[in-house]
K.L.:
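Attaching a single structure in structure tokens format; questions to follow.
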Amino acid sequence: MEESGGEDSVPPALDKSRVLSVRPLRCLVPIFASTPNFPSYFHPQAAAPIVCNPPTTPFPAGFSPFYPLCVSPNSQNMQIPPQPPPPFGFGGSATIPSPVPFNVLRAEANGDAGPSRRSSRGLQPLQSEEDGSSDGIHVTDAEDSTRGTTAQKRRWAGSSQDMNVPTSDVETDALVENILESFNLMKFDTFRRADGDKESVQYILLIYDLLRRKISQIEDSKESTPGVTRRPDLRAGTILMNKGIRTNIRKRIGTVPGVEVGDIFFFRMEMCLIGLHAPSMAGIDYMGLKVSQDEEPVAVSIVSSGGYEDDSEDGNVLIYSGQGGHAYKRGLETTDQKLERGNLALEKSLHRGNEVRVIRGVKDIANLTGKIYVYDGLYKIRESWVEKGKSGSNVFKYKLVRISGQLEAFTVWKSVQQWKDGSAARVGLIKSDLSSGAENIPVSLVNDVDDEKGPADFTYYPTLKYLKPVNLTEPSTGCSCQGGCLSSNSNCPCIQRNGGYLPYTANGVLISQKALIHECGSSCKCPQNCKNRASQGGLKVRLEVFKTKDKGWGLRSWDPIRSGAFICEYAGEVIDISMAEELRVENDSAHVFYASSTNQPGQFMPGVSIESQKNPFPLIISATDSGNVARFMNHSCSPNVVWQPVLRENSKECDLHIVFYAVRHIPPMTELTYGYGIVPSDKAHQRKKKCLCGSVKCSGYFY
DNA sequence: TCCTCTCAGCTGTAT
DNA sequence: ACAGCTGAGAGGAAT
């Protein structure tokens with residue numbers, strides 16, 4: 001299969017440096033070369049029965065060789081079988097006629113085309129699935145002037161009247177235009193023709209996150225005004241909403257095209273934009289459903305986020321509290337909840353028996369003030385009742401039960417929690433820490449598919465080894481930011497090297513991919529927790545090397561990973577091109593990473609032109625004999641991870657690293673993959689391998 | 001105009 | 001470090 005035609009046509013180059021270097025996370029190019037007789041100076045020591053050696057240096061020599069434990073290969077499989085989702089369409093399942101009409105909502109009695117209210121505002125009658133077949137991305141600039149609240153208009157209209165308007169609005173506007181311009185290179189029509197809506201959903205989330213991080217970057221670079229709450233999430237969301245860059249606008253019962261059970265989100269706005277849950281704050285989303293002549297509200301999705309006294313008996317049952325009655329302000333007392341709005345819709349859905357999407361909010365371990373939203377699939381409401389809440393007021397309660405046969409989602413989170421606190425054993429565990437302490441967080445080795453005891457022999461080494469020193473063309477001096485580098489400090493040389501901005505957001509998320517990221521390093525005086533050292537300090541998430549069904553060993557994470565987050569670097573020995581060629585010829589299973597100057601056009605960023613970036617220090621790394629978790633990452637034609645060259649300031653020698661970041665939010669236990677890319681060699685075709693990534697965009701092979 | 005299971009940043013409290 | 005509070009917020013339903 002060849003690359004889809006839409007991507008091959010590279011649009012005219014865009015001056016991306018005009019405002020800011022706005023470049024989505026993309027894919028560069030490593031290779032696999034090979035050799036059995038690896039030159040002895042690389043790593044001579046090899047213990048025969050050992051699957052994985054602990055590191056020799058600089059870690060303590062008193063290690064014990066690793067002999068894999070015998071774990072029953074018949075152990076229970078944690079893998080989620082890739083079964084197709086059952087037909088969840090509304091109407092197929094038995095529906096219970098609603099016995100009690102609640103006439104709270106005006107019924108559109110004449111059964112005409114629609115309510116008299118504007119369709120975008122009022123409850124939207126359910127349409128047949130066929131009607132909404134072209135629900136791709138909507139781009140409607142015409143809505144710009146008509147949509148938006150007065151508050152919004154005030155905020156975006158001009159800065160002279162409102163002191164709260166950030167002074168960077170001009171800058172932000174330019175940024176928005178720049179980003180959207182680069183995305184407009186993609187023909188939306190072409191894009192809409194793509195199979196399903198998964199692409200459009202991923203695409204919108206990608207644009208949203210890029211925009212949000214960029215706004216955040218600009219905000220960070222300014223002096224902070226006390227008392228002013230910055231909400232880059234809301235600003236990015238509003239912009240995209242107003243531009244009509246959203247999908248699944250029409251509300252629907254049941255599954256949302258392009259959203260899979262288990263998908264995770266970090267902001268409520270993300271779920272608004274892709275049509276999973278429309279309200280930006282409220283927990284219950286509902287719509288008008290035409291029943292013969294009348295229209296009644298039915299619930300379509302809920303967010304269980306801890307704001308009320310919800311209860312989850314087990315992972316498949318949820319006791320959800322109705323809305324309202326909350327004492328939002330101090331001094332106010334709670335009141336009895338009323339059977340209206342969302343509560344009424346839930347009641348109606350109980351009788352109607354329609355599926356309700358459930359999104360569960362869980363605490364984000366990486367960012368304790370934050371929350372992660374897990375789409376947990378479809379539930380049905382089984383019971384409802386009224387009870388006295390803690391404050392003594394009446395609260396509606398709804399018991400929701402998960403429909404069986406769906407992919408695991410929330411229960412995966414629960415399992416991971418149990419593995420972590422030791423209350424449950426990880427099935428198929430071969431070794432609890434593959435790195436033998438070399439990493440600050442253990443790396444599990446797991447096989448729950450067959451009886452192979454581990455990957456081929458290698459030495460775990462967590463960072464890059466330069467066999468011979470590489471001279472710097474320009475010595476770098478580093479910064480002297482005592483309290484850590486700040487974007488607002490324009491005098492910081494490290495900030496300047498990155499084009500005047502910190503390349504990371506305040507919580508360590510890479511803002512956008514660049515030819516080279518300049519991090520602080522050994523020649524800087526800033527502390528280790530400096531924001532400009534996001535790729536330093538070792539692993540942040542709990543990783544697991546596991547046996548895949550058909551691709552050998554792979555890598556995945558117990559923890560959720562947010563888009564742009566650091567995952568790991570590619571560790572190993574830096575070799576030169578001739579060594580790489582030897583390896584390639586001699587060993588078919590060698591692990592060699594080649595940071596080439598030849599880029600493959602963005603596979604998962606359709607339409608975005610990737611200009612050929614000259615990597616200032618093209619690195620070749622062999623992880624054949626020694627390396628870290630990165631060597632286990634498999635190739636995919638629609639990867640969720642990218643690599644990025646990162647240079648750490650160092651006055652003595654070259655300190656370049658290849659670092660992996662997430663390109664989208666990655667749910668727990670999802671395999672981590674990146675695009676291996678094109679081999680810059682005329683003999684590349686000899687190394688072509690059949691690709692098993694299973695992506696709809698699979699090119700059929702990789703190198 | 002009103003409603004709402006937001007979210008970042010601040011303050012106060014327990015380590 | 002963490003819990004709790006504050007308040008400006010967003011889209012969309014209600015009026």
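Convention: sequence-line order gives letters A, B, ...; per-chain numbering from 1.
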K.L.:
Can you tell if the side chain of A:Arg230 reaches within under 4.5 Å of the side chain of A:Pro232, non-hydrogen atoms only?
P.N.:
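Heavy-atom side-chain distance check passes, below 4.5 Å.
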K.L.:
Quick one: A:Asp233 CG to B:dC7 P, roughly how many Å, whole number?
P.N.:
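After rounding, the reported distance stands at 6 Å.
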K.L.:
Just compare C:dG9, C:dG11, B:dC7 and give me whichever is closest to any side-chain atom of A:Leu234.
P.N.:
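When the side chain of A:Leu234 is considered, C:dG9 is the closest of C:dG9, C:dG11, B:dC7.
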K.L.:
Ignoring backbone atoms, test whether A:Ser280 places a side-chain nitrogen or oxygen under 4.0 Å from the OP1 or OP2 oxygen of C:dG9.
P.N.:
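Negative; the distance criterion is not met.
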K.L.:
In this structure, how many angstroms lie between the C1' atom of B:dT6 and the CD atom of A:Gln323, rounded?
P.N.:
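Distance, rounded to whole Å: 15 Å.
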K.L.:
With a 4.0 Å cut-off on heavy atoms, is A:Asp285 in touch with a base, just the backbone sugar-phosphate, or nothing at all?
P.N.:
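Nothing, no heavy atom under 4.0 Å.
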K.L.:
Evaluate the side-chain proximity of A:Phe267 to A:Lys371: yes if any heavy-atom separation is below 4.5 Å, no if none is.
P.N.:
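In short, these two side chains do not touch, never coming nearer than 4.5 Å.
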K.L.:
With a 4.0 Å cutoff (strictly under), does any side-chain N or O of A:Tyr286 reach OP1 or OP2 of C:dA14?
P.N.:
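Yes, within the criterion.
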K.L.:
Consider the side chain of A:Arg230, meaning its heavy atoms from C-beta on, and name the nucleotide among C:dG9, C:dG12, B:dG9 that approaches it most closely.
P.N.:
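Out of C:dG9, C:dG12, B:dG9, the nucleotide with an atom closest to A:Arg230's side chain is B:dG9.
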K.L.:
Partner lookup for C:dC2, please. Criteria are Watson-Crick or G-U wobble with both distances under 3.5 angstrom; report none if nothing qualifies.
P.N.:
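Answer to the pairing question: B:dG12, which forms a Watson-Crick or G-U pair with C:dC2.
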K.L.:
Map A:Arg231 and A:Pro279 onto DNA chain C by nearest heavy atom, then report which one ends up closer to the 5' terminus.
P.N.:
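Result of the comparison: A:Arg231.
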K.L.:
Kindly assign one of parallel, tilted or perpendicular to the pair A:Phe566 and A:Tyr661, based on the angle between their ring planes and the thresholds 30° and 60°.
P.N.:
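Plane angle over 60°, so perpendicular.
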K.L.:
Side chain of A:Ser321, heavy atoms from C-beta onward: which of B:dC5, C:dG11, B:dC7 has the nearest atom to it?
P.N.:
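Comparing B:dC5, C:dG11, B:dC7 against the side chain of A:Ser321, the answer is B:dC5.
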K.L.:
Is the closest basic N to carboxylate O distance between A:Lys290 and A:Asp294 below 4.0 Å?
P.N.:
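No, A:Lys290 and A:Asp294 are not salt-bridged.
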K.L.:
Can you tell me how far C1' of C:dG12 sits from CD1 of A:Ile249, to the nearest Å?
P.N.:
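After rounding, the gap between these two atoms is 13 Å.
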K.L.:
Whole-Å distance between B:dT6 P and A:Lys363 NZ?
P.N.:
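Answer to the nearest Å: 15 Å.
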K.L.:
Strictly below 4.0 Å: does A:Lys371 bring a side-chain N or O up to OP1 or OP2 of B:dC7?
P.N.:
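For A:Lys371, the contact criterion (side-chain N or O under 4.0 Å from OP1 or OP2 of B:dC7) is not met.
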K.L.:
I need the CG-C1' distance between A:Asn529 and C:dA1, as an integer number of Å.
P.N.:
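The answer, rounded to whole Å, is 14 Å.
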K.L.:
Look at the side chain of A:Arg341 and the base of B:dT4, then say whether one donor and one acceptor between them are separated by less than 3.5 Å.
P.N.:
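Per atom types, no contact qualifies.
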K.L.:
Just the rounded figure in Å: distance from P of B:dT6 to NE2 of A:His277.
P.N.:
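Value for this atom pair: 9 Å.
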K.L.:
How long is the line joining CG of A:Asn343 and P of B:dC3, in whole Å?
P.N.:
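It works out to 14 Å between those atoms.
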K.L.:
Which nucleotide sits closest to the side chain of A:Met281: B:dC7, C:dG12, C:dG9?
P.N.:
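That would be C:dG9.
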K.L.:
Less than 4.0 Å between a side-chain N and a carboxylate O, is that true for A:Asp233 and A:Arg212?
P.N.:
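Salt bridge absent between A:Arg212 and A:Asp233.
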K.L.:
Should A:Arg235 and A:Glu219 count as an ion pair when the cut-off is N to O under 4.0 Å?
P.N.:
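Yes, A:Arg235 and A:Glu219 are salt-bridged.
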K.L.:
Which part of the nucleic acid, if any, lies within reach of A:Arg268 when heavy atoms closer than 4.0 Å are counted: base, sugar-phosphate only, or nothing?
P.N.:
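The residue A:Arg268 makes sugar-phosphate contact but no base contact.
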K.L.:
Under 4.0 angstrom, heavy atoms only, what part of the nucleic acid is A:Tyr320 near: base, sugar-phosphate, or nothing?
P.N.:
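The residue A:Tyr320 makes base contact.
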K.L.:
To the nearest Å, give me how far apart CD1 (A:Ile215) and P (B:dC7) are.
P.N.:
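After rounding, the gap between these two atoms is 16 Å.
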